[in-house]
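Have a look at the structure below before the remarks.
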2 protein chains.
Amino acid sequence: MPITQSLPDPRVFAALGDPTRLALIERLRRDGALPITRLTDGTGITRQATAKHLSVLAAAELVRATRVGREVRYTLSPAPLHRVAAWAEAVFAENEARLDRLDAYLQAQHPPVQRGENER
Amino acid sequence: MPITQSLPDPRVFAALGDPTRLALIERLRRDGALPITRLTDGTGITRQATAKHLSVLAAAELVRATRVGREVRYTLSPAPLHRVAAWAEAVFAENEARLDRLDAYLQAQHPPVQRGENER
DNA sequence: GGTATGAGCAACCAAGAGGTTGCCTATCAC
DNA sequence: GTGATAGGCAACCTCTTGGTTGCTCATACC
């Protein structure tokens with residue numbers, strides 16, 4: 001069963017590969033739509049730093065910005081997460097399958113000692 | 001239903017956030033245990049570059065090295081992939097749930113027109 | 001109107017990442 | 001033994017990244 005799953009966008013992983021951004025994702029998951037200033041306080045960093053992180057997340061399409069008056073609200077856009085989860089799970093499963101085949105092959109080459117009548 | 005899922009190790013995402021390393025993962029998924037030299041040829045980079053990438057993957061426990069004679073074979077160690085998939089799927093699901101709650105709330109505030117006998 | 005607040009833009013900086021070359025060690029094959 | 005092959009280590013280089021400060025623009029409030 002050759003995998004049909006296409007390779008995911010590395011930018012999504014890269015975007016998730018930073019603790020600050022991971023925390024932003026968690027925050028947005030909990031609280032929904034928040035403007036940059038709100039997302040900034042509590043963290044020890046500047047608003048501009050947060051803005052950069054958000055733009056990385058936006059580039060990976062993990063987050064969507066909508067302007068409301070003078071503020072910009074960020075919300076999670078979880079489609080990439082879904083794709084990433086599917087890929088990771090597929091790789092995991094496929095690897096298990098390969099190991100099983102390898103196992104079967106090795107068993108055939110070196111049948112285990114003491115098997116009992118025909119399986120024990 | 002507050003998420004019990006703990007935050008995943010950012011190093012796993014960071015390790016996956018590079019096209020070269022993603023390709024290495026794919027290669028190992030397909031072909032199983034391979035030494036560095038084999039993993040290197042075909043790619044346009046040096047053996048040392050590949051070694052660095054593999055050490056990043058190993059630090060994230062995505063890959064395991066076993067020495068066989070003079071060569072070192074790398075194999076996928078997919079447990080982190082499983083965890084990552086679970087987290088991503090959980091965030092996806094929780095976000096959908098939050099959106100649904102928001103939706104219900106909005107419906108309650110602005111009941112849709114034409115609801116039937118006693119709503120209109 | 002004037003003032004406070006939310007956000008964007010640009011320059012800058014230090015540290016890290018991805019890559020290289022050069023050299024050394026260990027194992028295999030003969 | 002000799003030579004070829006697999007790999008490790010260290011120094012170096014350049015580009016990116018995470019962060020800052022300073023300034024400007026736009027919207028809201030009174």
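Side-chain atoms are counted along with the backbone in the values below, which use heavy atoms only and exclude waters and symmetry mates. Below, read A as the first sequence line, B as the second, and so on, with proteins coming before strands; counting in each chain starts at 1.
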Close N/O contacts between protein and nucleotides 13-18 of chain D (under 3.5 Å):
from    : atom 1 : to       : atom 2 : distance (Å)
dG18(D) : OP1    : Arg21(A) : NH2    : 3.4
dG18(D) : OP2    : Arg21(A) : NH1    : 3.2

Original post:
With distance as the sole test, does Arg21(B) use its side chain to make a donor-acceptor pair with the main-chain N or O of Ala15(B) at under 3.5 Å?
Top reply: yes

**OP:** Compare all side-chain heavy atoms of Thr43(B) with those of Leu24(B) and state whether any distance is below 4.5 angstrom.
**Re:** no

Original post:
Under 3.5 Å, side chain of Thr75(A) to main-chain N/O of Ala33(A), donor-acceptor pair present?
Top reply: no

**OP:** Ignoring hydrogens and angles, tell me if any N or O in the side chain of Arg67(A) forms a donor-acceptor pair with the backbone of Gly69(A) under 3.5 Å.
**Re:** yes

**OP:** Please examine the side chains of Pro80(A) and Glu61(A), heavy atoms only from C-beta on, and report whether any two atoms are closer than 4.5 Å.
**Re:** yes

Original post:
Are side-chain heavy atoms of Trp87(B) and Leu22(A) found at a separation under 4.5 Å?
Top reply: yes

For nucleotides 6-8 of chain C, tabulate all protein N/O to nucleotide N/O atom pairs closer than 3.5 Å, reporting atom names and distance.
from   : atom 1 : to       : atom 2 : distance (Å)
dA7(C) : OP1    : Val72(A) : N      : 2.9
dA7(C) : OP1    : Val72(A) : O      : 3.4
dA7(C) : OP2    : Thr37(A) : N      : 3.0
dA7(C) : OP2    : Thr37(A) : OG1    : 2.2
dA7(C) : N7     : Arg47(A) : NH1    : 3.3
dA7(C) : N7     : Arg47(A) : NH2    : 3.3
dG8(C) : N7     : Arg47(A) : NH1    : 3.1
dG8(C) : O6     : Arg47(A) : NH2    : 3.0
dG8(C) : O6     : Gln48(A) : NE2    : 3.3

**OP:** State, with a plain yes or no, whether a side-chain heavy atom of Val91(B) is found less than 4.5 Å away from one of Glu26(A).
**Re:** yes

